[in-house]
Amino acid sequence: MRDALSILASATILPPSATPSGDYRRRNRHSTTSTTTKPRPKPNPKQKPQFPASSPLLSSPRWDHRQRLTYYSQLASKLAEDGRFEDFLMIAESVVASGVKISEFLALLKSENVASGIVRVLREGKLSAAVDLLNNGIRKLGVEPVLLFDAVAVESLKAECRRLLKCGEVERLASLMEIFAGFQFPIKELVEPSEVINLCINKRNPTAAIRYAQNFSHAEVLCCSIILEFGKKRDLLSALKAFEASKQNMSSPNMHSYRTIIDVCGLCGDYLKSRTIYEGLLAENITPNIYVFNSLMNVNSHDLNYTLDIYKKMEKLGMMADITSHNILLKSCCLAAKVELAQDTYKRIRELESKGVLKLDDFTYSTIIKVFADAKMWKHALEIKEDMVLSGVIPNTVTWSSLISACANAGLVEKAIVLFDEMLQAGAQPNTHCFNTLLHACVEVCQFDRAFRLFQCWKEKGFQQTISNDKLKNADKFEAVDRMTEMGVPHRLCSHLTMRVPFRPTISTYNIMMKACGTDYYRAKDLMDEMKTFGLTPNHISWSIMIDVCGGSGNVLDAIQILTSMRESGIQPDVIAYTTAIKICVERKKPKLAFMLFAEMKKYQIKPNMVTYNTILRARSIYGSLQGVQQCLAVYQHMRKAGYKPNDYYLKQLIEDWCEGVIQTECQNKGQFASHTTDFGRQSLLLEKVTEYLKDSNGSLFIDLRGLTKVEARLVVLAVLRKIKEKYAAGNSVKDDLFIILGQQQHGARATRDEIGVRDAVTRLLQHDLALQVYETGSRSGNEPSRGNQGSPRSSGLDLEVVENGSLAETSESPTRRPIALQRLVVTRESLHHWLQRRTVLSKR
DNA sequence: ATAGGGTTAG
């Protein structure tokens, strides 16, 4: 125990003699808002203070009881304010030991000083130790610490909370709250809980949010909403942290938080994580509840097999799958487009219903309707509607929407409109979503006028409703209906629209309508402006549609310009916007612009996708020149590097067409080979070779046909010949024989059938179709009539067994190379000359 | 406490 004297000595406070007791005033403990001061309540006169003799100061005859108490409470207040809670407690203990009631002491204590002392140690980061001390010390004196804080203290604490809120000091705020919650203080009074939680979420501080939430009795619910909020912000990492933090201080696993984090995984697109979480539960031998199972199935619903596995797992555990589980299973079938499985599932659910186990709901019916809608089975969809009505489930807006799209997807606009009408008759409230479906139905079948009439009519009626409410006079109404009927809107539809379809368009509405503009760029532009008057901002899709509409009107340059407008309006063009623009260029036969845009994508680091590549490669007919083909091949290589499978149909077509162009007029039966299709797995080799041989840098007259089929070999030879021809036309004559490697033979082994096939096909092409002079050589190089062989046969990227100057591996140290002899064809330079002179003008394609 | 519908590029 420390000496009270030393405490007094260090306390910077005036002796009580300088403080007239009657003058001492303190603020009223019970006032909540008023800051005015009141005289402090007089101590109970019956109270006879008994100060122990051991405390000389307390028993000093110079002071009366009240003076002493006032002095010590002031001293204690000061000590608390300085954060010296140990000393503060010692005073309190001495006072109590002297026989004074603690409540009397507390009544005199300046509790705002205690509060600010706590704030002070909080700022110094030494809060918890100090508070533990205070908490225990005060409790030991038989008082709840909450009594330390009166209205004034609460006000100062509130102010501190507001300050911490404003500064975004969530950690400190959470600490403060934890402490006061520990005092059994109603912390809800200090600051609005949602404000604290929102701040923690905005500050991306999941642990502070959870720490705060755990001070409340409904912590589980709060923790779940925190996890969900992070999910809504697509911040899975923080959500997971919140989830982990919420597991602390939790006696039993909280299934609610498990299902929430699983839902959040779905929101954030990380379905694999949801599986990990589920497996974690299993590993701990915890059986998830049905909500966890349903959420897991839902998050993984795009993976039918997994969903089915979970469904079976539930069965194995003897857990009754409820209607939600079944609905999710149906949804999974729907996403996988497994119509039959969906039908079976639907039947099974119906059976369960007839046994009284389940009750089908609007979700069930709407989902199976969507299955049929997607499969264009509109009749089946309508049958489900009958089932639904018979079992007494009322179709809702979503059900009607799905039914309308069932007809729309099948191209039945009339039926879609009849259904819409029926929906209104049935008293269902259509919403914008539903209206969009209907408008889209019209656009899908190119009934643009009809889309506009409906749109116009919806807009007018919607306005009237909002402007004049229901005060619309009957006469006006009839007039409006007449006008709409004139516009071709069904009469019944008009009257319903007049009554209750408010016009609340979305971006989608305008996007659909912009599509309905076809190639009328100015109309689409007007719609875009109109959209802004409704407070809607065009999105990526709007801009892409604008590019399409503008380009469709033939205005390629303006269409490209839209990419810039888009960027200027704050929306970075995405891969779709660029692909659309490239499509326009290709359609309008502007390959150079298309390639320019393609290059621009690289500049803006927009990765082309399969559609982009196919779009730019599509217009093969417009690339007639070697340069064009080279550009295409470069795109092709780019594509492979980006990891796309080289199964490109267009490019093969391009090469075939271009190569065949060599003999277009010389060979009548050219279709014979061109009609063959090489199988996709082998194309990469073919295309690689063509790409290699067509490079400008590759000047050698050398072709390696090993590994190719005869159709492919023919293409490669034709490609090289075509290149020679184009080079010749540009003034480069042939200076060498053309070497063609067919295959290799080990010692006396016979050539394979394939190799013979290739040799025959190529020989026939060269000799018969093109009348070139060809001879075959199977022996070692050097035996054929030599012409210096300047063109090096070594070609980059190809591993050849031929070394320079035609001598085969004489200097090689590898013994395995020695016996290899190359089967090759040689096309003489003279005959190539003749061939070139025969047709110096390239056939125009 | 659970789930569902419409729009963009081949």
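Residue numbering restarts at 1 for every chain, and letters A, B, ... go by the order of the sequence lines. Quick note: numbers below take in every heavy atom, side chains included, and nothing from hydrogens, waters or symmetry partners.
For A/Lys525, the salt bridge (Lys or Arg N to Asp or Glu O under 4.0 Å) test picks out no residue, with sequence neighbours left out. Legend: residues meeting salt bridge (Lys or Arg N to Asp or Glu O under 4.0 Å) with A/Glu220, ordered by chain and number and at least two apart, are absent.
For the pair A/Asp263 CG and B/dA3 C1', the computed distance is 10 Å after rounding to whole Å. Atom pair A/Phe293:CZ and B/dA1:P shows a separation of 21 Å (rounding to whole Å applied). Here the P atom of nucleotide B/dG5 and the CD1 atom of A/Ile368 are 14 Å apart, to the nearest Å. To the nearest angstrom, P of B/dA3 lies 10 Å from CG of A/Leu228. Here the P atom of nucleotide B/dG5 and the CG atom of A/Asp374 are 9 Å apart, to the nearest Å. Between the CG atom of A/Asn431 and the P atom of B/dG5 there is a distance of 13 Å, given to the nearest Å. Rounded to an integer number of Å, the gap from A/Gln572 CD to B/dT8 P is 23 Å. The interatomic distance linking A/Phe598 (CZ) with B/dG10 (P) rounds to 16 Å, in whole Å.
Using a 4.0 Å heavy-atom criterion, one finds that A/Ser301 contacts no nucleic acid atom at all. Looking at heavy-atom distances under 4.0 Å, A/Thr612 makes no contact with the nucleic acid at all. Residue A/Asn539 is classed as having no contact, given no heavy-atom separation below 4.0 Å to the nucleic acid. In this structure, A/His440 reaches the sugar-phosphate backbone alone: every heavy-atom distance under 4.0 Å involves primed, P, OP1 or OP2 atoms, never a base. Using a 4.0 Å heavy-atom cutoff across all strands shown, A/Ser295 reaches no nucleic acid atom at all.
Aromatic pair A/Tyr311/A/His326: centroids less than 6.0 angstrom apart.
Ring-plane geometry between A/Phe503 and A/Phe534 is classed as perpendicular, the angle between the planes exceeding 60 degrees on a 0 to 90 degree scale with a lower cut at 30.
No hydrogens or angles considered: a donor-acceptor pair under 3.5 Å links the side chains of A/Ser295 and A/Asp263.
Within residues 302-310 of chain A, no residue is approached by DNA chain B to less than 4.0 Å at the level of any non-hydrogen atom.
Between A/His540 and B/dT8 there is no side-chain polar atom (N or O) within less than 4.0 angstrom of OP1 or OP2. Regarding contacts with the backbone of B/dG4, every side-chain N or O of A/Lys370 stays at 4.0 angstrom or more from both OP1 and OP2.
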### Task
Would you check, one step at a time, whether the test salt bridge (Lys or Arg N to Asp or Glu O under 4.0 Å) holds for A/Lys459 with A/Glu530?
CA-CA 12 Å; A/Lys459 197 196 285 180; A/Glu530 186 182 301; 2.6 Å; yes
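Side-chain proximity of A/Asp548 to the nucleotides B/dA3, B/dT2, B/dA9 is greatest for B/dA9.
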